[in-house]
Each structure stands twice: as C-alpha cells, then as structure tokens.
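A short worksheet on the structure shown next.
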Amino acid sequence: MIYTITLNPAMDRTLSVKKIRPDDSNRIAEEQRYAGGKGIDVSRVLTTMGVVNRALGFVGGFAGEELEGRLLNEGIVCDFVSIPGETRTNIVVNETSTGNQTVFNARGPEIRPYELMQMIHKVEKVEDPEMVVISGSLPPGVHPEIYSKIIGISKARGARVILDTDGDALSAGIHGLPSVIKPNIHELGRLVGRELRKKDDIISAANSVLKQGIGIVLVSMGAEGILLIAEKEQYLASPPKVKVENTIGAGDSAVAGFVCGLYRDKPLKEALAYAVAAGTATTLRPGTALCQKRDFQELVSQINIRPIQAE
Ligand SMILES: Nc1ncnc2c1ncn2[C@@H]1O[C@H](COP(=O)(O)OP(=O)(O)OP(=O)(O)O)[C@@H](O)[C@H]1O
Ligand SMILES: [Mg+2]
C-alpha cells in the first residue's frame, strides 16, 4: 500500500472578483472551495492513475470535516488523525479583469505533542507500508525533525520514502535518509545554501545531496522538466512544449507520477517519464485541477530523456 502524509492540509477558498477596489466593498462573482494539501494532491493523482493509496494527515473542526467529506466524495481514501483545532482555510482571490491571483496562506492549527504522537503511532501501525510520500510544510508547533522520525519508522517497516518539502523541514528531513527527494531548483538552492543558475551547478548540487545518502534526487525545473540524479543513472527528461493553463499542483503531480512508476516496478527512466508527463498534464488544466489520465497517456511517449554525465 502507498500512504501519503500531509501534516498541514487546508481548505482552499477561491473568490473571483472583477476588479479589486481597495477601501470599497467588492462583490464576489464566484466562489469555489477545494480540499488542498500537497500529499492530498499526490493521493488525488495516484487515484486518477488507478493506484490505490491512503491519505494520512491531521484534520479538525468544521473545515476539517468539509475537507474529509470532499475527499471521500472524490474517492480518496483517508485515514486522518482528528484534532480539536480548526483545519486552516487559505484564501485565493482571482481578479478576473487582470488575471492576477493573490493567495493568502493561513498558518494552520497548532499540533499538540499528544496529537503528534497519534500520527507517529499511526505510521508505526499502518498496514503493509510499501511506499510513503511525505509532502508539504509543517504545521505550527511541530519540530522539523519530525519528518526524519517518520522516515526512520517507515524505512524500518520496509517502505520506500519520498520527501517533498522545503526549508528546515527538508534539511532536517534529509537526516532520515529518504529514498527520494523532489526539490525544485529554488528548494535545492536553499538546501545547499546558494542560488543555482546553470544546469551544471544544479547537477553538482544534486550530486552533493545524493552523497549524503539519499537514493534518488529529482530536481524539477518547470517547463524544462526533471533531472534524475542517482548513483548509477543520471538523466534529464523534458516535456514537449504545451499550452499551459495553470501550474498549481504540477510538482505534486510529478511526485505522484514517479511514485506510480516505482510502484509498478518500472525502470527509473520510465518512472521519470511518468513524473514529467504527470506534471505537464496538470499544467494543461485550469485552476487547481490536476492531471487527467488521458493527457498523461498522450504525453508519456513524448518525453525526451537523455543521459547526463555522472560526476
Ligand atoms: N510551464 C510548464 N510547461 C510544461 N511542463 C511544466 C511547466 N511547469 C511545470 N511543468 C511540469 O511539472 C513538473 C513539476 O513542475 P515544477 O518544477 O514547477 O514543480 P514545483 O516547483 O515543485 O511545483 P509545485 O508548486 O506544485 O510544488 C515539471 O517537471 C514539468 O514536467
Ligand atoms: Mg513542489
């Protein structure tokens, strides 16, 4: 079984207004609600691809109930830890006359130590963990070392672990030696402490992280695709040029594509093509919509993969 972990999920509330008028009342033309969170998006794309998985995380209050109910209606299997704090709601304001999108990210409820331990015990007990995907930021009150702890437990239980996060959570999480990490260029730059501009620089930064004991470093580079850096194989995979609608969730979809490939025992090169195809398939869809199976299937044969020089 594949498990995804989202410690700080959110309801995303999107408000569309024609033109924002400061110091005045603004009429909302349209309003949408969406159950968000990076691991949850991975679960969604896996489910779309027909890969059975379970979403773990914390939910609480009315927004938490709504989030879980919406996921159930989408056919996403959840196994959340309930907390008394209210699941956060992020606000996205779409100004339709300009196309500008402004996002207000909420912090999320504080996780108490005993709630954190409930999550740890869940990871210790879940049935047959073959792959564990840990995605996104940490909620308030949780130390960055938590990901390293979850990685350790999952690995001891025989799971391969994929970590997709940023900042302190990524640098501390790496101590747990995840099987795969998927930083984008900026996240990798923050991890190694310098800005990465040229391809060679990105490759050498990814190799330096790999040498710390990570199995595979995937560096996603937007329209340029993904670099796969492993000890014996190194490739650059690029998507064809497409008409991009919206890139929200492209990184999470790429993680899901790679997980799907690994889970089906595909060679690394093919799993990489799955990752790029799933990421790019998501960019074809407007708003928060994610990868569609048909787009993924069309794109996967069009991914250009070339070996790069191992260091
Ligand atoms: N403009 C684009 N054109 C084509 N494909 C894209 C584009 N942007 C993203 N993708 C696809 O999605 C993948 C992941 O995108 P990206 O590198 O932007 O991830 P990310 O920064 O982690 O995104 P996220 O904000 O979702 O976490 C890319 O490797 C590529 O396959
Ligand atoms: Mg990302």
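Atoms within a ligand are numbered from 1 in the order they appear, just like the ligands themselves.
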When only distance counts, is T247 in polar contact with ligand 1, meaning an N/O pair under 3.5 Å? no
Does the pair E110/R112 count as a salt bridge with the N-to-O cut at 4.0 Å? no
Numbered atoms and elements of ligand 1 in range of V244, under 4.0 angstrom, heavy atoms: 1 (N), 2 (C), 3 (N)
With atoms numbered from 1 as shown, which atoms in ligand 1 lie under 4.0 angstrom from a non-hydrogen atom of G249? 26 (O)
Is the closest basic N to carboxylate O distance between E233 and K269 below 4.0 Å? no
What about V276: any of its N or O atoms under 3.5 Å from an N or O on ligand 1? yes
Name the closest protein heavy atom to atom 31 (O) of ligand 1, giving the residue it belongs to and the distance to 0.1 Å. T280 OG1, 3.0 Å
Closest to atom 22 (O) of ligand 1 among protein heavy atoms sits K182 NZ, 2.9 Å
For atom 25 (O) of ligand 1, which protein heavy atom lies nearest, and how many Å away is it? K38 NZ, 4.4 Å
What I want to find out is whether E224 reaches K199 closely enough, with some N-O distance under 4.0 Å, to be called a salt bridge. yes
Relative to the heavy atoms of I226, which atoms of ligand 1 are at a distance of less than 4.0 Å? 29 (O)
Q302, CD atom: more than 12 neighbouring heavy atoms under 6.0 Å: yes
For M11, the other hydrophobic cluster members (4.5 Å side-chain criterion, sorted by chain and number) are I40, V59, L67, L71, I76, F80
Ionic contact status for D79 with K122, cut-off 4.0 Å: yes
Where is the nearest protein heavy atom to atom 21 (O) of ligand 1: which residue, which atom, and how far? N184 ND2, 2.8 Å
So between A281, S253, A223, whose heavy atom ends up nearest atom 2 (C) of ligand 1? A223
Using a plain distance cutoff, I'd like to know if E187 has any nitrogen or oxygen under 3.5 Å from a nitrogen or oxygen of ligand 1. no
Counting distance only, does the side-chain N/O of T87 pair as donor-acceptor with the main-chain N or O of A10 below 3.5 Å? no
Heteroatom proximity flag, A254 to ligand 1, N/O under 3.5 Å: no
Does an N or O anywhere in G225 fall below 3.5 Å from an N or O of ligand 1? yes
Nearest protein heavy atom to atom 19 (O) of ligand 1, by residue and atom, and its distance? S220 OG, 3.3 Å
Of the protein's non-hydrogen atoms, which lies at the shortest distance from atom 23 (O) of ligand 1, and what is that distance? G251 N, 3.4 Å
Quick check on contacts: which atoms of ligand 1 are under 4.0 angstrom from a heavy atom of T283? 6 (C), 7 (C), 8 (N), 9 (C), 10 (N)
Under 3.5 Å, N or O to N or O, is G222 touching ligand 1 that way? yes
Has the side chain of R157 got a donor or acceptor atom that lies under 3.5 Å from a matching backbone atom of V126? yes
Quick one: do L272 and L262 end up in the same hydrophobic cluster if we chain Ile, Leu, Val, Met, Phe, Trp and Tyr together by side-chain heavy atoms under 4.5 Å apart? yes
Is the backbone of G261 close enough, under 3.5 Å, to the side chain of E270 for a donor and an acceptor to pair up by distance? no
Heavy atom of the protein closest to atom 15 (O) of ligand 1 (residue, atom name, distance): A250 CB, 3.8 Å
Under 3.5 Å donor-acceptor, R44 side chain and T48 backbone: no
